[in-house]
Structure formats: structure tokens, C-alpha cells
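Notes follow once the structure below has been shown.
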Amino acid sequence: MFCYNCGCQLSEHDFCTACGTDVYLYKKIMFGSNMYYNDGLEKAEIRDLTGAVTSLRQSLKLNKNNIEARNLLGLVYFEMGEVVAALSEWVISKNLRPDKNIADDYIDRLQSNSGRLDSINQTIKKYNQALVYCQQDSKDLAVIQLKKVLSLNPRFIRAHQLLALLYMDSEQWERAERELRKCIDIDRNNTKTLRYLKEVEVMLVPDETVKQSGGKRRKDETVRYVSDNEMIIQPLNVREPKRSGVSTLINLGIGLVIGLAVTYFLLVPAAQSNTKQLMQEETRKISNESDARAVRIQELESEAGKLNGRIEELEARVDGFVGAGGTLETYDSLLTAVADYLVNQDNMATAADLESIAQVTDVNEASDGFRKLYQALLSVIGPELAQSYYSEASEYFRHEEYPAAIESFEKAVYYDETHTDALYFLARAYHANGNQEEAIETYQKVLELFPNSNRVSDTRARLRDLGAAVE
């Protein structure tokens with residue numbers, strides 16, 4: 001046990017030897033919590049689940065951080081069919097102690113089984129619907145719902161108790177006793193179960209005969225007991241008077257008629273009731289199988305949707321490789337351009353091929369091999385093309401045809417990024433054409449890329465004319 005103030009190990013003294021805090025009451029509370037936990041554990045082992053819940057709750061009242069007590073309370077709730085209450089206790093336990101907590105395993109076992117979670121959800125819904133049917137006085141529908149609940153969760157004590165109560169209301173005492181005995185098998189000392197069972201046993205067990213003072217029974221004494229829905233009254237110590245042979249035959253005939261009537265009015269309805277019950281059970285079984293199949297079909301449809309989406313994604317990727325404008329077609333175009341250049345040595349035709357490739361493909365996003373081959377071919381034809389475009393642009397610039405000059409200067413810079421004059425006069429053409437933002441950006445690029453060029457001083461002066469900051 002550790003001190004609540006400083007966290008040090010406590011000794012047998014009533015104060016903390018580290019910080020001096022009085023821990024007498026603290027120890028007493030902790031001991032009490034552990035005592036109730038041990039009591040709850042013992043009751044749980046003998047299936048006194050109600051008593052275990054009471055003891056464990058008392059333990060948690062004294063020490064809410066008693067993780068073992070909280071986890072055991074969750075297990076007891078789970079055994080009683082109260083899955084939601086069990087999950088609540090385990091989640092609280094996990095939040096109090098995130099590491100090395102067995103509550104993680106309990107929660108994972110439930111969450112990893114989607115069918116089990118769906119079954120729990122259906123159990124709660126059907127039980128609540130049964131309560132609604134009871135409030136609406138639709139007791140037959142409530143019985144059907146409760147049977148479905150117990151088929152999904154046979155340990156749900158509250159459902160057994162409610163079903164037994166409905167049987168008691170309809171005077172089906174034997175069925176009520178069976179349900180209550182199932183409750184006893186789960187929880188031996190449930191107060192509500194024992195109270196209901198006492199009422200049922202009163203109706204099922206024959207009346208105890210009252211002895212007279214001489215130890216003899218009264219002649220008019222009878223025994224009463226209930227069989228299904230009928231109250232049977234059987235007299236004791238009644239002697240039949242002596243009868244003649246004719247009266248005996250008459251009585252046999254009357255008895256035969258009565259027997260036939262009893263067979264028709266009692267046994268036939270009982271057989272019909274049993275047949276109806278079998279049909280209801282078969283209907284419930286088919287309904288449960290149908291629900292399970294519906295869930296499985298939904299899961300398969302979801303998986304099919306995911307697979308269709310994956311197929312579409314793969315088809316799109318294949319189209320990106322082999323379709324029009326795909327990777328393979330682009331690679332083929334680049335290889336064709338290389339082959340044409342090696343055969344014809346035509347720079348302008350090769351440049352046109354490279355420009356068409358750049359229009360449909362982002363070269364910077366292509367593979368390393370593609371990008372290297374493209375740049376290699378561009379570097380071979382680039383300087384000569386750049387000089388050609390520079391000469392063409394210079395003519396346009398001298399004749400003040402600035403838009404055409406801008407287009408040719410841009411091509412010269414594209415094919416040879418180290419061409420200082422092409423970049424400088426591109427900025428001049430922007431400036432002369434009134435494109436001030438492009439001009440400032442291009443002048444600054446000249447200063448950045450060619451700081452030692454003879455165009456630097458002139459570039460700075462023109463930036464100042466444009467009102468741009470110059471470093």
C-alpha cells in the first residue's frame with residue numbers, strides 16, 4: 001500500500017514514514033475495500049451473483065480505483081447477461097489504468113466479434129420491445145420477444161424473470177417454475193427470483209393436511225394441486241359404498257363417456273397447444289436463421305462492394321499505363337523522338353517532339369529513367385535551339401514586337417537555362433510590354449542565378465526604376 005500524499009510505501013505505522021501524513025483512516029478504508037472485494041469474490045465463486053454485486057459495489061464506494069473489484073464486477077454483470085453494464089465497468093477500469101489491465105482483453109474479445117456485438121444489440125432492442133408489449137397489454141407478443149431474447153442470450157436473468165412473471169399472470173405455473181429454476185442456476189440468491197419462486201411453489205405444491213388432536217385426518221379433508229391451467233381437488237379417505245352389478249355397469253358407461261369427454265375437451269386442446277408451441281419454436285428458429293443469413297448477406301455485399309472498388313481502381317491504373325496518353329504511350333513517344341534525332345539530327349523536329357511530350361506528361365513526376373533520358377536529349381539539342389530562338393527573339397525585340405519576342409525568349413530560356421542574355425532580355429521584353437510583375441520576377445531571377453554577370457548592374461537599375469526592392 002502506498003501513501004496517497006507522497007506515493008511512498010507505507011509501513012505498519014499509522015503515519016507515512018516519508019512525509020508524516022496520518023494514514024490511519026486511509027488504511028482502514030483501503031482494508032475495507034479489499035475486504036468487500038474478497039467477499040464478492042467468494043460469493044461469485046458459489047454463484048451468489050446478487051450478493052457479489054452488492055459487495056463489489058460497496059468495495060468501489062470505498063475505493064473507486066480498486067481495479068480488480070471493478071473488473072470482477074464487470075464479469076459478474078456479464079454472467080448475469082447485463083453486457084452493457086459489464087462493458088461500462090471495463091471501460092472505466094481501462095481509463096483508470098490504461099496499461100497492464102485485463103479489461104483490455106475483455107473489451108477486445110467483444111469488439112473483435114462483430115456478430116456478438118450485433119447479437120447484444122438485438123437482445124437489448126427485443127427486451128425493450130417486450131417491455132413495451134407488456135405496457136400495451138400484448139402479453140403474447142411479449143412472450144415471443146422474450147423467447148427470442150433468451151435464444152440470443154440464455155443468461156439474461158431479467159428476461160427469464162419477466163417471462164416467468166408473464167407465465168404466472170397466465171397461470172402457467174410449471175413453465176414459470178422452469179424459467180425461475182434457470183435463474184437460480186445462474187444466480188442462487190437473487191431476491192426477486194426467490195420471491196417469484198415462492199409464489200409458484202404455493203400453487204404447485206399440494207396443501208399440507210391438518211392433523212387433528214388424535215393424529216387422524218378429517219374425513220372431509222382434500223388435496224389440491226395445479227396441473228397446467230387446471231385446479232385438481234382430490235378427496236382423501238372416501239370410501240365408496242357397495243353397489244350392485246347393474247349400477248357398476250352404469251357407472252362404467254358413465255365413466256367411459258366422461259373419459260371420452262375429458263379426452264376431447266382436455267387432451268385435444270393440450271395436444272393442439274403443444275403443436276402450436278412447436279410451430280412457434282420452429283418459426284422462431286427460422287426467424288433467427290433468417291436474421292443471421294441477412295447479416296451474412298449484408299457482410300458479403302459490403303465485401304463485394306469493396307472488391308468492385310478495388311477492381312475499378314486497378315482498371316484505372318492499367319488504363320493509366322496502356323490507355324491513350326498513358327505511361328507506355330509516353331515512353332514510346334520519347335523513344336521515338338530519340339531514335340529520330342539519332343537518325344535525322346533534326347533539332348527542330350526533336351524539339352517539337354519534346355514539347356508535345358511535355359504537354360501531356362509532367363516530366364518532374366515521371367520515373368527517374370524517363371526524366372534522365374528526357375533531360376539528356378534536351379541538353380543535346382538545347383544550346384543550339386536556344387541560340388536560334390535567341391537570335392529570332394532579338395530581331396523581334398529590335399522591331400518592338402514584344403509579344404513575339406517574349407515567346408521566343410521564353411523558348412530560348414527553356415532550352416538553355418544558363419543563357420544569361422536570353423533571361424535578361426526576356427525581363428526587358430516583359431518590361432517593355434508592360435508586364436511589370438513578370439519583369440520584376442525575371443530581373444530578380446537574373447540576380448539570383450547569375451550574380452557575377454555583366455548584366456547585374458543594369459538589372460539593379462531597372463529594378464529600382466520599377467520600384468522593386470534591391471538587395
Side-chain angles (χ1 to χ4, degrees), residues 47 49-54 57 73-92 110 113-203 229 273 276-277 279-292 294-295:
R47 302 202 70 82
L49 302 186
T50 301
V53 168
T54 303
R57 282 181 175 175
L73 181 58
L75 287 175
V76 173
Y77 279 140
F78 188 81
E79 184 67 14
M80 296 171 70
E82 303 287 347
V83 182
V84 175
L87 276 174
S88 300
E89 296 298 332
W90 291 334
V91 169
I92 294 172
L110 285 178
N113 190 342
S114 59
R116 183 68 178 275
L117 288 176
D118 183 69
S119 175
I120 292 170
N121 188 34
Q122 292 297 324
T123 299
I124 296 172
K125 289 182 180 179
K126 292 181 184 296
Y127 178 75
N128 292 334
Q129 185 62 47
L131 291 176
V132 172
Y133 285 148
C134 290
Q135 294 171 356
Q136 297 174 352
D137 203 25
S138 301
K139 298 175 183 178
D140 293 337
L141 295 177
V143 169
I144 294 173
Q145 285 294 325
L146 290 173
K147 288 182 177 180
K148 291 182 177 180
V149 169
L150 293 174
S151 67
L152 296 173
N153 187 0
R155 294 186 174 277
F156 197 0
I157 290 181
R158 284 192 294 164
H160 281 296
Q161 291 173 339
L162 182 57
L163 181 58
L165 195 61
L166 291 173
Y167 284 148
M168 292 168 65
D169 181 72
S170 61
E171 296 184 355
Q172 300 180 54
W173 307 108
E174 293 179 353
R175 293 183 179 181
E177 184 186 24
R178 284 198 297 268
E179 295 300 325
L180 294 174
R181 293 296 179 189
K182 293 177 182 177
C183 293
I184 293 295
D185 292 338
I186 300 170
D187 183 6
R188 295 182 183 276
N189 290 328
N190 188 288
T191 306
K192 186 180 294 186
T193 302
L194 295 175
R195 186 168 66 248
Y196 291 169
L197 189 59
K198 182 178 180 181
E199 296 294 331
V200 171
E201 288 176 346
V202 169
M203 303 304 297
N229 296 332
S273 176
K276 183 178 180 181
Q277 182 179 357
M279 292 177 62
Q280 290 177 348
E281 291 178 355
E282 188 66 23
T283 302
R284 182 176 67 253
K285 181 179 179 181
I286 294 173
S287 175
N288 293 335
E289 292 177 354
S290 176
D291 293 341
V295 172

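Note that this is a predicted model, so its numbers are computed, not measured. The chain is numbered in sequence order, starting from 1.
With sequence neighbours left out, K192 forms a salt bridge (Lys or Arg N to Asp or Glu O under 4.0 Å) with no residue at all. In terms of the side-chain hydrogen bond (donor to acceptor under 3.5 Å, both in side chains) criterion, R195 has no residue partners (sequence neighbours excluded). Under the side-chain hydrogen bond (donor to acceptor under 3.5 Å, both in side chains) criterion, T50 pairs with D187, N190, sequence neighbours left out. A292 pairs by the side-chain contact (heavy atoms from CB on, under 4.5 Å) definition with nothing, not counting sequence neighbours. In terms of the side-chain hydrogen bond (donor to acceptor under 3.5 Å, both in side chains) criterion, residue partners of R158 (sequence neighbours excluded) are, by chain and number, E82. The ring-ring contact (aromatic ring centres under 6.0 Å, His included) search around Y133 returns none, not counting sequence neighbours. A search for side-chain contact (heavy atoms from CB on, under 4.5 Å) contacts involving D118 returns Q122, V295, not counting sequence neighbours. For the side-chain hydrogen bond (donor to acceptor under 3.5 Å, both in side chains) test, residues two or more places apart in sequence or in another chain that qualify with E89 are R70. For E199, the side-chain contact (heavy atoms from CB on, under 4.5 Å) partners two or more places apart in sequence, or in a different chain, are M168. Checked against side-chain contact (heavy atoms from CB on, under 4.5 Å), N128 has the following partners two or more places apart in sequence or in another chain: I124, L131.
Between K198 and E177, no side-chain nitrogen of the basic residue sits less than 4.0 Å from a carboxylate oxygen of the acidic one, so the salt-bridge criterion is not met.
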Can you give each donor-acceptor pair under 3.5 Å made by side-chain atoms of residues 148-155, sequence neighbours left out, with the distance rounded to 0.1 Å?
from: S151; atom 1: OG; to: K148; atom 2: O; distance (Å): 2.6
from: S151; atom 1: OG; to: N288; atom 2: ND2; distance (Å): 3.4
from: N153; atom 1: OD1; to: R155; atom 2: N; distance (Å): 3.4
from: N153; atom 1: ND2; to: G81; atom 2: O; distance (Å): 3.3
from: R155; atom 1: NH1; to: E79; atom 2: OE2; distance (Å): 2.7

